[in-house]
Amino acid sequence: MLQRGSSSLRKRPHQWIILVTLICLTLLATSSAAPRKNTKKKLPPLNLPPLKTQEQKMQLLGYIRQNMPTLRQGSRVSFSSQDLDKALALELGDTISQAAPLIDDETFIRRASLDLTGTLPSAEKIKTFVADQNSNKRSDYIDELLETEAYARKWARYWTSVIFYESEANKRRVNPEALEDWLAEQFRKGAPWDYITVMLISATPERNKKKKNDYGQDYGPNNFVLACENKSTELASETARIFMGISIQCAECHDHPFDNWKRIQFHELAAFFHPYTYKMPSQEDPTVSTVVKPRFLLGEKPYENMKSDARRVSIAAYLAYNPQNYWFARSYVNRIWSELIGDGFYDVDSLGPDGDVVHKPIVNRIAANFRYKDFDPKWVFRLIMNSQVYQREMRTVDSPSELFTAIRPSRLRPDVVANSVSHVIGENPQLRKEIDTVFDMNPSLPQSTLEGSIQQALLLMNQRELQQALSQSELKQKLLGITSNEELVQSLYLNVLARNPTPDELQRNVSYLQGSEKRDEAVEDLLWVLVNCTEFRTKR
């Protein structure tokens with residue numbers, strides 16, 4: 001967490017305060033009107049204290065954060081889930097009359113559990129939740145899930161996948177597990193998103209020449225930089241993609257064909273991450289290059305002669321704290337919204353011109369309030385999941401005008417499918433590994449473009465180890481101990497699909513049990529059928 005005013009900072013406060021003042025002045029300057037000409041004076045050399053350790057970086061960022069103007073401006077602003085529903089209804093106009101009905105308690109508890117923790121609720125939890133008459137039980141359940149280890153782990157795994165999915169780094173020089181563990185610790189502690197982002201971007205991993213393949217990868221935050229192979233251009237491209245939701249990588253070679261980003265802007269951003277003098281290669285002659293000074297996308301420039309570690313802290317500050325950089329907060333909100341609703345306000349990591357954003361006032365309003373709430377990730381989950389838009393039934397959305405009138409049918413991510421299988425048969429590391437591979441999907445692709453595969457279907461239908469586990473599972477033995485066919489089927493559905501069977505399903509399954517000569521095999525068949533139904537591997 002951000003630590004402000006610790007003892008080491010008090011030893012040499014004047015140097016830090018100078019840097020804080022410089023950064024804040026830069027941020028304020030870029031958020032005001034057009035600058036006057038010829039008013040800048042050349043500043044004297046600045047000898048800053050080192051920014052090598054996590055504590056030193058957080059001390060500096062804590063001071064910058066305190067001077068963040070939007071926090072003061074928004075201290076009295078509130079935006080509730082009810083406000084969200086009203087604002088969205090205004091945006092949707094007459095289309096809101098076609099919105100899907102709200103879901104029942106069984107559907108809600110399964111959906112919320114899978115979304116927040118990636119796990120199915122137990123049969124006992126479902127019964128207790130449905131029987132509860134408390135009008136605030138859904139909100140209370142969301143709060144309960146947000147305090148679990150499973151919540152921290154699920155979202156740590158998601159962001160690790162976002163960072164590493166397309167990484168081409170040498171696998172011996174990175175440690176995704178260390179990054180996932182570090183992220184899980186941050187989410188568990190309730191660390192704000194700006195803090196997490198700053199730690200990742202300002203990381204400065206160093207090679208330990210005394211140890212083979214030791215690049216500092218065992219320290220979690222270093223792995224964002226190492227996933228980019230510590231290349232300035234890759235870091236610029238991935239910082240913009242993951243933390244701003246914009247696609248600028250094509251500007252490395254030429255001006256962006258569909259947006260306003262210029263080639264020089266890409267290389268000015270890359271210069272922040274370079275340890276020495278950065279040079280942009282010529283488009284006409286690759287042997288010729290031009291020195292490029294670091295400059296953030298909104299025009300901010302770091303102090304002259306700033307060392308590379310301090311420069312990375314300054315770009316992180318420009319990214320997170322410039323109130324004009326609405327992309328930072330909006331990209332986080334858009335990703336979480338896309339994961340929960342099934343559609344984003346725009347593609348999560350490839351935003352082109354702002355015209356591509358649907359219902360822009362809504363995402364901007366949520367993003368602004370996310371900033372006012374100190375970038376608290378849990379606030380975004382509470383806002384969305386307590387709203388009607390999240391608690392609507394699922395429906396295929398055919399046109400942009402229908403977006404957010406229902407939840408889009410969504411495929412569960414590989415780790416969630418593996419969790420659901422473990423929920424039925426118990427933990428099996430080898431099978432989990434196989435499911436992770438076969439159900440692998442790019443976490444940055446929209447749900448509307450994801451498709452299932454024959455291999456996924458065959459794994460659940462025919463995989464020998466899974467079939468043996470089903471036949472020997474504790475759940476099967478528990479079901480066989482139930483003498484009533486109706487109770488057996490109800491328990492089967494609650495434990496596998498986290499809901500009670502419909503009357504037709506109950507009758508059909510009971511008839512099957514009654515007509516079967518071998519009850520043991522019949523129960524195994526019913527287990528197999530539910531594990532292989534579409535509902536088992538999708539969000540309901």
Side-chain angles (χ1 to χ4, degrees), residues 2 23-24 27-28 30-31 61-62 64-81 83-84 87-88 91 155 158-159 162-163 183 186-187 190-202 224 238-248 269 296-298 300 315-341 344-354 356-385 387 444:
L2 294 173
I23 291 177
C24 291
L27 296 181
L28 290 172
T30 54
S31 63
L61 287 160
I64 297 172
R65 203 168 194 261
Q66 283 180 317
N67 289 280
M68 184 177 164
T70 52
L71 288 182
R72 295 194 298 275
Q73 293 167 5
S75 60
R76 296 181 181 178
V77 175
S78 65
F79 188 61
S80 66
S81 302
D83 294 330
L84 169 61
L88 187 60
E91 279 288 311
W155 288 94
Y158 169 79
W159 285 103
V162 168
I163 291 171
L183 285 169
Q186 307 314 308
F187 289 133
W193 182 242
D194 62 319
Y195 164 80
I196 294 172
T197 303
V198 165
M199 286 298 293
L200 296 175
I201 291 176
S202 64
F224 168 69
E238 287 297 275
T239 295
R241 180 182 76 87
I242 297 172
F243 302 110
M244 296 178 72
I246 59 176
S247 173
I248 63 168
L269 184 63
F296 193 60
L297 294 172
L298 295 176
E300 306 97 321
I315 188 180
Y318 298 148
L319 175 73
Y321 301 136
N322 186 342
Q324 297 299 304
N325 182 15
Y326 58 86
W327 290 288
F328 175 68
R330 196 168 73 175
S331 65
Y332 178 84
V333 166
N334 188 54
R335 269 194 181 269
I336 303 303
W337 180 281
S338 181
E339 285 297 302
L340 297 179
I341 306 298
F345 295 95
Y346 55 92
D347 289 349
V348 295
D349 64 355
S350 57
L351 176 66
D354 257 13
D356 293 343
V357 182
V358 297
H359 302 307
K360 188 161 60 176
I362 301 295
V363 65
N364 284 351
R365 197 167 171 187
I366 301 174
N369 281 272
F370 176 44
R371 185 184 286 268
Y372 299 154
K373 300 299 179 187
D374 271 356
F375 300 104
D376 177 9
K378 293 181 181 179
W379 178 84
V380 178
F381 284 109
R382 288 192 180 96
L383 177 81
I384 299 173
M385 295 179 71
S387 71
S444 298

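Computed over heavy atoms, backbone and side chain alike; hydrogens, waters and symmetry mates excluded. Residue indices begin at 1 and follow the sequence shown.
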Participant: Contact between F370 and L383 at the side-chain level, heavy atoms closer than 4.5 Å - yes or no?
Facilitator: no
Participant: Kindly compute the distance separating CG (L297) from CD1 (I246), expressed to the nearest 0.5 Å.
Facilitator: 5.5 Å
Participant: Nearest 0.5 Å, what's the CD1-CZ distance between I201 and F224?
Facilitator: 5.5 Å
Participant: Taking it one step at a time, do Y321 and D194 satisfy side-chain hydrogen bond (donor to acceptor under 3.5 Å, both in side chains)?
Facilitator: CA-CA 8 Å; Y321 301 136; D194 62 319; 2.6 Å; yes
Participant: Compare every heavy atom of R241 with every heavy atom of V162, then report the nearest pair and how far apart it is.
Facilitator: O-NH2, 3.0 Å
Participant: Show, in sequence, the C-alpha distance, side-chain angles and deciding distance for S81 and R382, and conclude whether the side-chain hydrogen bond (donor to acceptor under 3.5 Å, both in side chains) test is met.
Facilitator: CA-CA 8 Å; S81 302; R382 288 192 180 96; over 6 Å; no
Participant: Just by distance, do the side chain of N334 and the backbone of S331 share a donor-acceptor pair under 3.5 Å?
Facilitator: no
Participant: Would you mind reporting whether M244 and N325 have side-chain heavy atoms less than 4.5 Å apart?
Facilitator: yes
Participant: So, do L200 and F243 sit near enough that their side-chain heavy atoms are less than 4.5 Å apart?
Facilitator: yes
Participant: Taking atom CD1 of I341 and atom CD1 of I384, what is their separation to the nearest 0.5 Å?
Facilitator: 6.0 Å
Participant: Are E300 and Q324 close enough that some pair of their side-chain heavy atoms sits under 4.5 Å apart?
Facilitator: no
Participant: Do the non-hydrogen side-chain atoms of L84 and R365 ever get within less than 4.5 Å of each other?
Facilitator: no
Participant: Looking only at heavy atoms, what is the nearest atom pair of V77 and K373, with distance?
Facilitator: O-NZ, 3.6 Å
Participant: Mind checking whether L298 and Y318 have side chains closer than 4.5 Å, heavy atoms only?
Facilitator: no
Participant: Roughly how far, to the nearest 0.5 Å, is the CD atom of Q186 from the CD1 atom of I196?
Facilitator: 5.5 Å
Participant: Can you list everything that forms a ring-ring contact (aromatic ring centres under 6.0 Å, His included) with Y158? Sequence neighbours excluded, please.
Facilitator: W155
Participant: Quick check on the 6.0 Å ring-centre criterion: do W193 and W159 meet it?
Facilitator: yes
Participant: Please report whether the ring centroid of Y195 lies less than 6.0 Å from that of F375.
Facilitator: no
Participant: Rounded to the nearest 0.5 Å, what's the gap from OG on S78 to CG on N369? Could you check?
Facilitator: 7.5 Å
Participant: Within the 4.5 Å heavy-atom criterion, are V380 and W337 side-chain neighbours or not?
Facilitator: no
Participant: Go through it in stages, so that I can follow the logic: the residues are Y346 and R330, the test is side-chain contact (heavy atoms from CB on, under 4.5 Å), and I'd like the CA-CA distance, side-chain angles, deciding distance and then a yes or no.
Facilitator: CA-CA 10 Å; Y346 55 92; R330 196 168 73 175; 3.9 Å; yes
Participant: Identify the two heavy atoms, one from V358 and one from G344, that lie closest to each other, and give their separation to 0.1 Å.
Facilitator: CG2-O, 4.2 Å
Participant: Just wondering, do H359 and F345 contact through their side chains at under 4.5 Å, heavy atoms?
Facilitator: yes
Participant: Hey, what do you get for OG (S444) to CD1 (I163), rounding to the nearest 0.5 Å?
Facilitator: 10.0 Å
Participant: Run L269 and F296 through side-chain contact (heavy atoms from CB on, under 4.5 Å) and show every step you take.
Facilitator: CA-CA 5 Å; L269 184 63; F296 193 60; 3.7 Å; yes
Participant: Can you name the closest pair of heavy atoms from P377 and A191 and give their distance?
Facilitator: CD-O, 3.6 Å
